[in-house]
Amino acid sequence: MLLKARTLNLISRSHPQRALNVNHLSHYFALFTTTIAGNTKQSDSPDPDSSESPDIPSWVTNQNPESQPSEDDDFVIPSLASWVGNHPKVKPFASATEKPQTQLDIFTQILKKPYSSPEEVVDTLNRSSLSVPSVSVNRLWKRFHDCWISAYGFFIWAKEQTGYKHDPQSYSFMVDILGKGRKFDLMFDLLEEMNQLKGYINLYTIVKVMRRLARAGRFSEAIEVFRRVEEYGVEKDIMALNGLLDALVKGDSVEHAHEAFLEFKECMTLNSSSFNTLIHGFCKARKLDDARKILKEMKEYGCQPCVVSYTCFIEAYCREKDFEKVDSVLDEMKKKGCTPNAVTYTIIMHARGKSGTIRKALEVYEMMKNDGRLPDSSFCSSLIFILSKGGRLKDADEIFEDMEKQGIKPTVLTYNTMISLACEHSLEEKALKLLQRMEEDSCKPNVFTYKPLLRMCCRKKRMKVLNVLLSHMLNNDVSIDLSTYCVLVHGLCSCGKLEQAVAYFEEMVLKGMIPLDSLRKKLVETLEKENMTEAVEKIQRLMSNVTAK
């Protein structure tokens, strides 16, 4: 196999003195927590934990003297000119003279403007001649998943249109959007409306509600939703309980998860996912004694520990760089006939790379091969990351190119890793061509695809390309979330594009997103240095209005 030969060659060329500087590995651990909640049916709905999706670590700005920022805001690398030219620019506030091509574009142009309330959105749409059936409603939910005002305004307006009725999925989208925007009163009102419609609420909806509440630290309310779940026409079974436990653990309160576990465990038959979720939560909180107690209880209950159970402990020991205990857990697994999977090995390889040499990290592949496990796209993404952080960019590129030859299709995580590494090293052409290649491979980008690209554009003052990327996000139905706005404001502020920074800050706040105070201070201080008094006053008015609400 090419990949096997390539990896063995890499091991033979690795030297102990070449230390690897890897950040965290928690974004890969999310891959196996998905396994814990594997009973939940996949859906086209926006992922409520997009902020928890496998993310690429934030990169240290590269100080490569050979790629200094150009003063030409409209500069585009010649080889990419055609691709860039085929994508329209977007502006913080769309011009009235712009002429969208499709009904979806028209709705998008209207909804992407900042509004003070959902009622204002309804008034604007009422003055248009648009009709709901002419547009893909689900695509609009995805595009405005992070702007509850626009999304809810559209939802209200559409509900009032003759000949149209929201289906259960549209209601579920809207419940999740309101939860993400922490508009919980509206969320519960909508949930009650769904309940009146009969049959509109399912387990998926309830899990979304519990997850949003837990994410906001409203743990008791999340548990109360589970207590009342039968009032919503959803069975109070083990799948619903596991959804609650998973929501509480992902909300960083394994203590509440354990309390719920103790309260409800006598009401239903538990399964391995119930115990694994708690084990993961206690390991994540570094309460390993509590995790071992759950493991013991799991065995006594009659559920055998599985690869997920043991991988929780391996991840915890990897965080502590205690590789003797990692090896001990691996030995225990094998003795019990539980073979580690690709996720287990990916976690170990990352930790080895972080704490030691590339050789030690690459030797994990040999362990994996000896156990009869084949690498998957996540493992290859990890390998690419380790090699690149060790300065081995050519080797990383070769692994990436070898993947498809071995029947391993690059995923969005693989592309995100490659794009982020290219941006870190200021390889502008390479980064953008990777995005172009994603299109050709029909690999859907996500918000983590764009963040490093937007940072790089700000750093290099590529304003034309920045606008194209924002358009590219919309066309791929990727919602601009709070953290993306923060990247834009911070990046534009740092490179001296203060008018644009103020425009995006205003748009962010008017869309109901509250920026960190540190970002506001940075922007205001920079504006004050440039004597931009009116802009400072605008920022202060915006924030005073937010405080007053």
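A salt bridge is absent between Glu525 and Arg520: the closest approach of a Lys/Arg side-chain nitrogen to an acidic carboxylate oxygen does not fall below 4.0 angstrom. For Glu224 and Arg228, the salt-bridge test fails: no basic side-chain N is under 4.0 Å from an acidic carboxylate O.
Between the side chains of Ser483 and Lys451, a donor-acceptor pair is found at a separation under 3.5 Å. If you check the side chains of Glu315 and His280, you find no donor sitting under 3.5 Å from an acceptor. Side chains of Ser377 and Thr414: no donor on one and acceptor on the other come within 3.5 Å. Between Asp441 and Tyr415, the side chains place a donor N or O and an acceptor N or O closer than 3.5 Å (distance only, hydrogens not considered). The closest side-chain donor-acceptor pair between His145 and Asp176 falls under 3.5 angstrom. Under 3.5 Å, the side chains of Asn416 and Asn446 contain a donor-acceptor pair of N or O atoms. A donor-acceptor contact closer than 3.5 angstrom links the side chains of His472 and Tyr450. Side-chain contact annotation: Thr277 with Asp246, donor-acceptor N/O pair under 3.5 Å absent. No hydrogens or angles considered: a donor-acceptor pair under 3.5 Å links the side chains of Asn202 and Thr205.
Between Tyr485 and Ile480 the shortest side-chain heavy-atom distance falls below 4.5 Å. In this structure, Pro410 and Met438 have side chains that are not in contact, with every pair of non-hydrogen atoms separated by 4.5 Å or more. You'll find the side chain of Met532 reaches within 4.5 Å of the side chain of Leu498, heavy atoms only. Taking the side chain as every heavy atom from C-beta outward, Leu510 and Leu542 approach each other to under 4.5 Å. Looking at heavy atoms from C-beta onward, Ser479 lies out of side-chain contact with Arg143 at the 4.5 angstrom threshold. Residues Arg139 and Thr108 have side chains not in contact (no heavy-atom distance under 4.5 Å, counting atoms from C-beta outward). Counting heavy atoms from C-beta outward, His490 and Arg455 have side chains that stay 4.5 Å or more apart. Side-chain contact check for Lys208 versus Arg212: every heavy-atom pair is 4.5 Å or farther apart.
Judged by distance alone, the side chain of Ser382 and the main-chain N or O of Ser378 form no donor-acceptor pair under 3.5 Å. Remark: the backbone N or O of Arg227 is paired with a side-chain donor or acceptor of Lys236 at under 3.5 angstrom. Without hydrogens or angle criteria, Asp146 side chain to Leu482 main chain gives no donor-acceptor distance under 3.5 Å. A side-chain donor-acceptor contact under 3.5 Å links Ser544 to the backbone of Gln540. Side chain of Ser172 to main chain of Pro168: no donor-acceptor pair is present (N/O by atom type, distance under 3.5 Å, no hydrogens or angles). A donor-acceptor contact shorter than 3.5 Å links the side chain of Gln161 to the backbone of Trp157. Without hydrogens or angle criteria, Arg215 side chain to Ala247 main chain gives no donor-acceptor distance under 3.5 Å.
At most 12 non-hydrogen atoms from other residues, nucleotides or ligands lie less than 6.0 angstrom from CG of Asp185. In this structure, Glu499 places its CD atom where only 12 or fewer heavy-atom neighbours from other residues, nucleotides or ligands lie under 6.0 Å away. A 6.0 Å sphere centred on NZ of Lys538 holds no more than 12 heavy atoms belonging to other residues, nucleotides or ligands.
In summary, of the residues considered (Phe144, Phe173, Trp141, Trp148), a ring-ring contact (aromatic ring centres under 6.0 Å, His included) with Phe154 occurs for Trp141 alone.
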Next item on the list: Could you go through the salt bridge (charged side-chain N to carboxylate O under 4.0 Å, His left out) check for Arg437 and Glu440 one step at a time?
Entry: CA-CA 5 Å; Arg437 183 166 167 178; Glu440 295 165 357; over 6 Å; no
Checklist line | Derivation of the salt bridge (charged side-chain N to carboxylate O under 4.0 Å, His left out) call for Lys284 and Asp252 | finding: CA-CA 9 Å; Lys284 181 182 174 184; Asp252 292 328; 2.9 Å; yes
Margin query: For a side-chain hydrogen bond (donor to acceptor under 3.5 Å, both in side chains) check, start with the C-alpha distance between Asn242 and Ser273, then their side-chain angles and the critical distance, and finish with the verdict.
Written below: CA-CA 7 Å; Asn242 287 346; Ser273 291; 4.6 Å; no
Next item on the list: Given salt bridge (charged side-chain N to carboxylate O under 4.0 Å, His left out), test Arg127 with Asp123 step by step and report yes or no.
Entry: CA-CA 6 Å; Arg127 291 194 297 271; Asp123 289 341; 5.4 Å; no
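Take Asp167 and apply the side-chain contact (heavy atoms from CB on, under 4.5 Å) test, not counting sequence neighbours, and it matches Gln169, Ser170. The side-chain contact (heavy atoms from CB on, under 4.5 Å) test applied to Glu120 returns Tyr115, Ser116, Ser117, not counting sequence neighbours.
The structure places CD1 of Ile514 at 11.0 Å from CZ of Arg182, a figure rounded to the nearest 0.5 Å. Here the CG-CD1 distance, from Leu245 to Ile238, works out to 7.5 Å after rounding to the nearest 0.5 Å. Residue Leu488 holds its CG atom at 5.5 Å from CG of Leu470, rounded to the nearest 0.5 Å. Here Asn476 contributes atom CG and Lys142 contributes atom NZ; the two are 11.0 Å apart, rounded to the nearest 0.5 Å. With rounding to the nearest 0.5 Å, the separation of NZ in Lys113 from OG in Ser150 is 11.0 Å. For the atom pair NZ of Lys461 and SG of Cys495, the computed distance is 6.0 Å after rounding to the nearest 0.5 Å.
A centroid separation of less than 6.0 Å is found between the aromatic rings of Phe155 and Tyr171.
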